[in-house]
Protein chains: 2
Amino acid sequence: MDIAAVLRENGYKVTPQRLAVYEVVNNNTTHPNAEAIYKELQPKYPFMSLATVYKTMEIFAKIGVVQVLQCEEDAHRYDFNTKPHAHIRCTRCNRVMDVDVERDKLADLAQTQTGYRVDSVNVSFTGICAECQNEETGCQNEKEN
Amino acid sequence: MDIAAVLRENGYKVTPQRLAVYEVVNNNTTHPNAEAIYKELQPKYPFMSLATVYKTMEIFAKIGVVQVLQCEEDAHRYDFNTKPHAHIRCTRCNRVMDVDVERDKLADLAQTQTGYRVDSVNVSFTGICAECQNEETGCQNEKEN
DNA sequence: GTGAGTGCAAACGCTTTGCATTCAT
DNA sequence: ATGAATGCAAAGCGTTTGCACTCAC
């Protein structure tokens, strides 16, 4: 994707900051939040501010470059896969993975039941990832209260 | 439900504050957040503090008296219907309604795809409720940016 | 009487905003 | 040269916490 062109098409200026954010998080499959993006930028782009990351991600979301996840977590996470899909988060290590669900079917169901015109379908799961399941034996769960 | 008994069974003391919260939000179908609960308590129970509402709702969630919703919104909302179900929020008036979805099927799907042991399934929708759809004609959408 | 619960205010984490400065156009 | 974008610090929001006081048991 030519991010510069997409920005221009949408009336946004092409700045080093925006290119830097795109460069760092494009093809990133870890579903980072703003803080993570900021930290990842630090070594190569120490001039970046966290506020700019937020502002940039807001624009990226608006022009469809990323989607914002609802992960049953406090901080937003961003996904460069903008195809609608669901996510599952490991409550132990916070790793997030994609899940494909039939969103259209769910939307139809909701529309039929409630009469709402459905605009967005958000599906998320939490669980324990395969890796953490392996480590679980004899190991106390860090997340226990 | 005998909330006093449930509290005692779980080792929590029965206080006027906890009874007041339960009285006000039990059978409440508006999926209120902490602030809304606080405000609803004010006239009848002006002694209540917001912090206590939070603390009480946390306990209620822990002992299964309420469930906490993820509504693609900033503030938590609470639901006294603890049967697992999904929600749809109107982006115009913020009204929230219940939706029944086959969560088990979704959980199986996620488990198969990712290998995670699925602990929770969260489904939420946004849309425009029937009422707001009616009002929509010739009326600018308040939520438009 | 004792420990749990309360209320206040302060702190918190994530996010947004105001504003002077800088930069893309 | 002009308006948009940046960076900083401060404010904002919903939420949690520390602590002295109060109350259910």
Side-chain angles (χ1 to χ4, degrees), chain A residues 2-22 24 31-42 45-63 65-66 68-78 89 94 143 145, chain B residues 2-22 24 31-42 45-63 65-66 68-78 89 94 96 145:
Chain A
D2 183 353
I3 186 64
V6 174
L7 284 168
R8 273 197 212 92
E9 272 163 33
N10 286 276
Y12 295 107
K13 293 188 173 169
V14 177
T15 68
Q17 286 86 345
R18 288 172 185 167
L19 297 178
V21 171
Y22 186 76
V24 167
H31 310 83
N33 58 20
E35 191 71 36
I37 294 170
Y38 175 65
K39 286 206 181 112
E40 202 161 342
L41 283 163
Q42 287 289 64
Y45 303 98
F47 54 85
M48 286 284 312
S49 79
L50 181 56
T52 299
V53 173
Y54 275 107
K55 288 167 186 167
T56 301
M57 295 314 290
E58 196 189 337
I59 289 173
F60 281 5
K62 202 173 286 181
I63 64 181
V65 172
V66 298
V68 182
L69 309 194
Q70 306 289 332
C71 271
E72 314 197 5
E73 225 190 359
D74 283 342
H76 297 163
R77 283 170 177 259
Y78 302 97
R89 179 174 61 89
N94 278 320
K143 279 265 177 161
N145 49 324
Chain B
D2 184 352
I3 186 65
V6 175
L7 283 168
R8 271 197 214 91
E9 273 162 31
N10 287 275
Y12 295 106
K13 293 189 174 170
V14 178
T15 67
Q17 286 87 343
R18 286 170 185 169
L19 297 178
V21 170
Y22 186 76
V24 166
H31 309 84
N33 59 20
E35 190 71 34
I37 295 170
Y38 175 65
K39 286 207 180 113
E40 202 161 342
L41 284 162
Q42 286 290 62
Y45 304 98
F47 54 84
M48 286 284 312
S49 80
L50 182 56
T52 300
V53 172
Y54 275 108
K55 288 167 185 167
T56 303
M57 295 314 292
E58 196 188 338
I59 290 173
F60 281 5
K62 202 173 286 181
I63 63 182
V65 172
V66 297
V68 182
L69 308 193
Q70 306 289 335
C71 270
E72 314 195 7
E73 226 190 357
D74 284 342
H76 296 165
R77 283 170 176 260
Y78 303 96
R89 179 173 60 90
N94 278 320
V96 173
N145 47 322

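Lettering of chains follows the sequences in order, A, B, ..., and the numbering in each one begins at 1.
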If you take all heavy atoms of [X] and [Y], which pair is closest and at what distance?
X       : Y       : answer
B:Asn33 : B:Ala75 : ND2-CB, 3.7 Å
B:Ala4  : B:Val14 : O-CG2, 3.6 Å
A:Leu50 : A:Tyr38 : N-CE1, 3.5 Å

Would you mind reading off the distance between [X] atom [atom1] and [N] atom [atom2], rounded to a whole angstrom?
X       : N      : atom1 : atom2 : value
B:Glu58 : C:dG5  : CD    : P     : 12 Å
A:Leu7  : D:dA4  : CG    : P     : 15 Å
B:Met57 : C:dG5  : CE    : C1'   : 17 Å
A:Leu41 : D:dG7  : CG    : C1'   : 14 Å
A:Gln17 : D:dA5  : CD    : P     : 11 Å
A:Leu50 : C:dT15 : CG    : C1'   : 9 Å
B:Arg18 : D:dA24 : CZ    : P     : 11 Å
A:Lys62 : D:dA5  : NZ    : C1'   : 14 Å

Please confirm whether the backbone N or O of B:Leu69 pairs with a side-chain atom of B:Arg77, one donor and one acceptor, at under 3.5 Å?
no
Do A:Arg18 side-chain atoms and A:Lys13 backbone N/O form a donor-acceptor pair below 3.5 Å?
yes
Let me know, please, whether B:Pro16 or A:Thr15 comes out on the 5' side of the other along DNA chain D by nearest nucleotide.
A:Thr15
Checking C:dT6, C:dT25, D:dA24 against the side chain of A:Val14 (C-beta onward), the nearest is C:dT25
Pair A:Val53-A:Met48, side chain to side chain contact (heavy atoms under 4.5 Å, CB included): steps then yes or no:
CA-CA 8 Å; A:Val53 173; A:Met48 286 284 312; 3.8 Å; yes
Set out, line by line, the N/O atom pairs under 3.5 Å between protein and nucleotides 8-14 of chain C.
none

